[in-house]
Amino acid sequence: MEPFDFKTSQEVWSETWEKEGIYNAKDFSDAKKFYCLVEFPYPSGEGLHVGHPRSYTALDIIARKRRMEGYNVLFPVGWDAFGLPAENYAIKTGTHPRATTEKNINNFRRQLKELGFSFDWSREVNTTDPAYYKWTQWIFLQLFKQGLAYKKKMFINWCPKDKVGLANEEVVNGCCERCGTPVIQREREQWMLKITAYAQRLLDDLATVDYPERVKKQQEEWIGRSEGAKIKFRISNFESEIEVFTTRPDTLFGATFLVVSPEHPILDGIVPADHRDAVRAYQEAAKMKNELERTELQKEKTGVFSGAYATNPATGKEIPIWIADYVLMTYGTGAIMAVPAHDERDFAFAKKYDVPIVPVISGGVDGACYQGKGVLMNSGAFDGMESDEAAKAMTKKFGMPEVQFKLRDWVFSRQRYWGEPIPLVFCPQCAQEAQSQTNADKNADQRGHIQRESASRQRLSAFSEGELLNPGWVPVPDDQLPVVLPEVEKYQTSDTGDSPLALIPQWVETTCPRCGGAARRETDTMPQWAGSSWYYLRYTDPHNDTAFADKGKLAYWTPVDWYNGGMEHTTLHLLYSRFWHKFLFDIGVVPTSEPYAKRTSHGLILGEGGEKMSKSRGNVVNPDVMVNEFGADAFRTYEMFMGPFEDSTPWSNNGILGIERFLNRAWKYVLACTKETNVAPLDADTERMVHKTIRKVSQDIETMSFNTAVSALMILLNTLEAHGPVPRETGEVFIRLLSPCAPFMTEELWRHHMGHTTSVSVAPWPAYDAEKMKDDVVTIAVQIGGKMRGTIIVSATATQQEVEDEVKKNDALMKRLEGIKVHMIKYVPGRIINFITA
RNA sequence: GCCCGGGUGGCGGAAUGGUAUACGCGCAACACUUAAAAUGUUGUAAUCGAAAGGUUAUGUGGGUUCGAGUCCCACCCCGGGCACCA
């Protein structure tokens with residue numbers, strides 16, 4: 001019998017499927033839609049990693065099952081092709097990233113097609129295609145116009161030798177990844193996106209989506225909401241006040257000092273002359289500490305007395321103001337009230353610098369720090385109150401309720417070549433005008449933001465929110481999008497820290513779209529996360545050139561029904577795209593408030609030794625090699641069988657060998673069945689097995705328990721082989737159950753050997769008959785005194801009496817029961833009978 | 001430190017509170033072969049035993065239960081995330 005020739009089969013069927021277009025989604029079909037999404041790959045020079053096919057095979061299986069169940073399935077793929085490796089390669093070799101990217105995409109496309117994924121290739125998108133990034137730029141401009149983008153001075157990592165801005169990932173132990181030179185911090189203005197404006201909704205709406213609990217938890221923590229109070233402390237000898245944020249207002253009477261961050265602006269005005277040198281020295285030292293040092297030195301608290309005092313509003317006492325870098329300028333107000341008796345950090349600080357410690361919550365041990373809640377003491381009129389009650393009361397009397405988030409705004413600028421140009425120009429004339437408008441607004445109405453907003457809305461034709469927020473920055477009009485990435489000579493960041501685009505005067509110098517005067521283009525580009533924040537929307541209508549996607553198509557296809565991706569994107573891509581999506585929902589251009597109804601995550605594939613795969617360890621498995629040696633079906637099926645989908649599992653070359661054996665046996669068996677004439681109808685036992693397997697495989701695919709689904713198919717094959725040839729329809733059930741895992745071999749059997757004219761991928765998914773699954777006899781475990789002593793076979797509907805009678809017929813068991821006093825008998829039908837001894 | 005996972009044969013792993021170790025790998029023996037590979041058959045947690053059979057095992061120690069890998073408490077170890085967040 002001829003073995004399965006996977007090479008020919010892969011060629012033939014890939015071509016046929018593409019020609020027939022059977023995997024192409026149909027917009028507005030009457031069939032129920034199912035949008036199934038995998039994270040599109042970055043087309044690296046190394047080619048596909050074995051991790052990609054794990055996620056892709058899983059959702060391919062789900063997509064294929066849904067099609068067989070009659071759904072209209074959208075299962076697209078594309079390329080997240082902006083990014084550092086292509087750019088670094090360009091810096092080294094002068095090769096245009098576009099060329100590298102194109103070459104890599106072609107390689108990836110070939111690999112994905114060889115693996116037989118049922119992608120709708122007619123909807124391929126590429127984030128570096130101007131027709132695509134036109135809409136990335138358009139979305140950015142909407143954010144800008146609504147006042148959600150702003151410029152801010154920030155520090156970036158800078159390698160003085162390579163003269164290049166580095167991403168955090170490129171900084172290794174404080175040094176440049178490439179040349180080892182210590183990285184310095186360089187200050188420059190960066191575009192920021194106000195993701196914090198959506199913090200509460202990003203948190204609340206987690207309740208409306210089906211994500212794994214661990215993903216929700218991680219996002220929750222990243223957003224980091226905490227409730228507390230803002231309390232003002234009057235500074236002695238000055239008119240000004242210091243505002244602090246605290247989650248424990250109930251401990252206010254125990255606040256024996258204040259601590260402000262070294263960067264706190266208030267320090268400029270309140271430090272007395274005799275303390276200035278010490279304070280300045282401390283500030284300088286704090287600035288020099290890089291992040292690594294800050295974490296290393298975490299335990300040892302340092303600080304300096306500012307020389308100034310403030311008044312605790314509760315006790316009326318004067319307390320010192322200290323400066324310490326354990327207080328972060330980027331969280332809360334950059335200042336805290338220190339309650340050493342009830343906060344470990346404050347406690348450590350107070351001990352070191354000998355500041356008084358006043359306990360105000362009972363429940364602690366003398367001389368130790370107690371962080372729990374309790375009944376108040378040393379708190380005047382509040383004595384005897386419970387913490388929660390006191391917190392409310394003190395907030396009311398001395399402060400204001402306040403909510404803080406850990407989430408920071410998104411640094412959106414890159415001084416890089418290979419990214420979407422930020423489509424803004426800076427116009428000095430318009431800057432003046434916008435500034436004076438803003439000032440006029442302020443003068444006209446000091447009372448608040450709401451009035452200012454409505455005033456600006458009346459002048460919408462003049463300035464958008466974003467332009468008022470960023471005077472002089474003018475959006476490129478929609479009809480001039482995309483702002484195409486120009487050709488450059490060098491791909492390196494310039495000496496000044498600007499992107500290479502800054503070195504092209506004829507590109508930078510432009511006219512202001514608003515006033516027509518001389519203006520300069522923004523030379524920063526967007527981060528890689530930009531294009532991936534909305535790509536799933538583009539798949540619904542990838543060739544539209546008048547909108548990022550047609551509203552009707554969006555209404556039909558979105559939200560994404562099932563999105564699988566890596567845990568590493570939980571607080572980056574996944575959060576960013578939820579933010580963009582909510583914004584697009586708010587401006588009325590997408591129909592849902594959440595992009596993904598359901599999210600799942602795959603585990604990593606580790607090297608054979610159980611360590612992470614990496615080039616330096618030399619344990620990288622190349623998918624091409626596996627596909628050549630074992631075929632796409634075996635490779636796919638092995639990746640599903642190797643372990644629980646959500647867990648990390650080491651690769652095993654012997655493991656894939658086992659799958660190859662299984663598929664070959666399946667091939668031979670089914671083929672033998674087709675050649676057999678006069679096969680007897682299935683006996684009840686085998687039929688029961690078939691129906692149980694249908695149910696098992698169907699359920700396991702839904703819960704992504706692919707390893708046990710494959711195992712169930714193996715068990716079925718073992719049983720069938722032992723049984724001998726089966727009728728055609730049983731063989732076809734087996735083929736259909738296996739087809740999502742092994743599409744090539746099953747298609748070969750289905751069309752060539754079973755004689756079907758259409759693909760197995762459009763055949764109906766097998767149904768099971770619950771009646772035919774019912775066992776007529778069952779094996780019952782017999783326990784005596786809780787110990788397993790044997791098994792008996794009884795009818796599935798046997799009563800306890802019948803089971804006991806059966807036990808009596810069993811000599812070995814009766815021997816065991818001899819002389820034993822049975823206290824009671826516990827019988828669980830179909831499972832167990834336990835003779836409980838006294 | 002905090003928040004998630006997880007700890008079961010030589011290995012990957014399976015197991016609605018009810019026969020632990022399914023399935024696969026590896027290994028061993030046998031068959032086929034001049035031989036090897038491939039394939040097939042059988043066996044394979046440990047331990048005592050010639051066998052029948054017994055005993056012990058799901059990180060450790062307790063508990064609940066007729067019965068615990070599974071539930072509860074405490075602890076140890078491994079992986080991931082966050083980390084001076086007031």
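Since this is a predicted model, take the numbers as computed values, not measurements. Numbers restart at 1 for each chain; the letters A, B, ... are given by sequence-line order, proteins then strands. What's counted below: heavy atoms across the whole structure, side chains too, no hydrogens, waters or symmetry copies.
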Could you give me the CA-CA distance, side-chain angles and deciding distance for L817(A) and R789(A), then say whether side chain to side chain contact (heavy atoms under 4.5 Å, CB included) is met?
-> CA-CA 10 Å; L817(A) 280 166; R789(A) 292 304 178 192; over 6 Å; no
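When each of G26(B), A86(B), C3(B) is scored by its nearest atom to the side-chain atoms of L328(A), the top-ranked nucleotide is A86(B). When distances are taken from the side chain of K217(A) to each of A86(B), C23(B), C4(B), the shortest belongs to C4(B). Closest approach to the M788(A) side chain among A20(B), A86(B), A14(B) is made by A20(B) (side chain taken as heavy atoms from C-beta onward). The side chain of K301(A) lies closest to C84(B) when the candidates are A86(B), C84(B), A22(B).
For the OP1/OP2 pair of G54(B) and a distance below 4.0 Å, the side-chain nitrogens and oxygens of R816(A) include at least one atom meeting the criterion. At G81(B), none of the side-chain N or O atoms of R214(A) fall inside 4.0 Å of OP1 or OP2 (strictly under the cut-off). Between R831(A) and G17(B), a side-chain N or O to OP1/OP2 separation shorter than 4.0 Å is absent. Within the structure, every side-chain polar atom (N or O) of N707(A) is placed at least 4.0 Å from both OP1 and OP2 of G13(B). Proximity of N718(A) to the phosphate of G24(B): a side-chain N or O atom is located under 4.0 Å from OP1 or OP2. Regarding contacts with the backbone of U56(B), a side-chain N or O of K787(A) is found under 4.0 angstrom from either OP1 or OP2. Residue T708(A) places no side-chain N or O under 4.0 Å from the OP1 or OP2 atom of A22(B).
Where T649(A) and G655(A) each meet RNA chain B at their nearest nucleotide, the meeting point lying more 5' is that of T649(A). Each of T333(A) and P644(A) lies near RNA chain B, and the nucleotide nearest P644(A) is the one positioned closer to the 5' end.
One interatomic measurement links the two molecules: CD1 of I323(A) to C1' of C84(B), which rounds to 17 Å at whole-angstrom precision.
Rounded to the nearest 0.5 angstrom, R617(A) CZ and L606(A) CG are separated by 9.5 Å.
Nucleotide G79(B) forms a pair with C4(B), judged by Watson-Crick or G-U wobble geometry with both contacts under 3.5 Å. Under the Watson-Crick or G-U wobble criterion, with both distances below 3.5 Å, G69(B) is left unpaired in every strand shown. Here U55(B) sits opposite A46(B) as a Watson-Crick or G-U wobble pair (both hydrogen-bonding atom distances under 3.5 Å).
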Between protein and nucleic acid, restricted to nucleotides 65-69 of chain B and to nitrogen or oxygen atoms under 3.5 Å apart, what atom pairs and distances do you find?
from: C66(B); atom 1: O2'; to: N834(A); atom 2: ND2; distance (Å): 3.4
from: C66(B); atom 1: O2; to: N834(A); atom 2: ND2; distance (Å): 2.8

Table please: side-chain donor-acceptor pairs of residues 246-256 of chain A below 3.5 Å, with sequence neighbours left out.
from: T246(A); atom 1: OG1; to: R248(A); atom 2: N; distance (Å): 2.9
from: R248(A); atom 1: NE; to: D250(A); atom 2: OD1; distance (Å): 3.0
from: R248(A); atom 1: NE; to: D250(A); atom 2: OD2; distance (Å): 3.3
from: R248(A); atom 1: NH1; to: Q371(A); atom 2: O; distance (Å): 3.0
from: R248(A); atom 1: NH2; to: D250(A); atom 2: OD2; distance (Å): 3.0
from: R248(A); atom 1: NH2; to: G372(A); atom 2: O; distance (Å): 3.3
from: D250(A); atom 1: OD2; to: S387(A); atom 2: OG; distance (Å): 3.1
from: T251(A); atom 1: OG1; to: R248(A); atom 2: O; distance (Å): 2.7
from: T256(A); atom 1: OG1; to: P356(A); atom 2: O; distance (Å): 2.8

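Between W667(A) and F4(A), the angle of the ring planes lies from 30° to 60°, which puts this pair in the tilted group.
When the C1' atom is compared between G9(B) and G69(B), the two are found 14 Å apart, to the nearest whole Å. For the P atom pair drawn from G10(B) and G5(B), the interatomic distance equals 29 Å after rounding to whole Å. A gap of 12 Å separates the C1' atoms of U65(B) and G18(B), to the nearest Å.
By the neighbour-count criterion of 12 heavy atoms within 6.0 Å, atom CD of E721(A) is densely surrounded, having more than that number from other residues, nucleotides or ligands.
Shown here are the side-chain contact (heavy atoms from CB on, under 4.5 Å) partners of A324(A), two or more places apart in sequence or in another chain: V259(A), Y282(A), Y326(A), F349(A).
Looking at every heavy atom in both residues, A286(A) comes nearest to D325(A) through CB-CB, 4.5 Å.
Just one of W410(A), Y576(A), F579(A) meets the ring pair (Phe, Tyr, Trp, His ring centres under 6.0 Å) condition when paired with Y198(A); it is F579(A).
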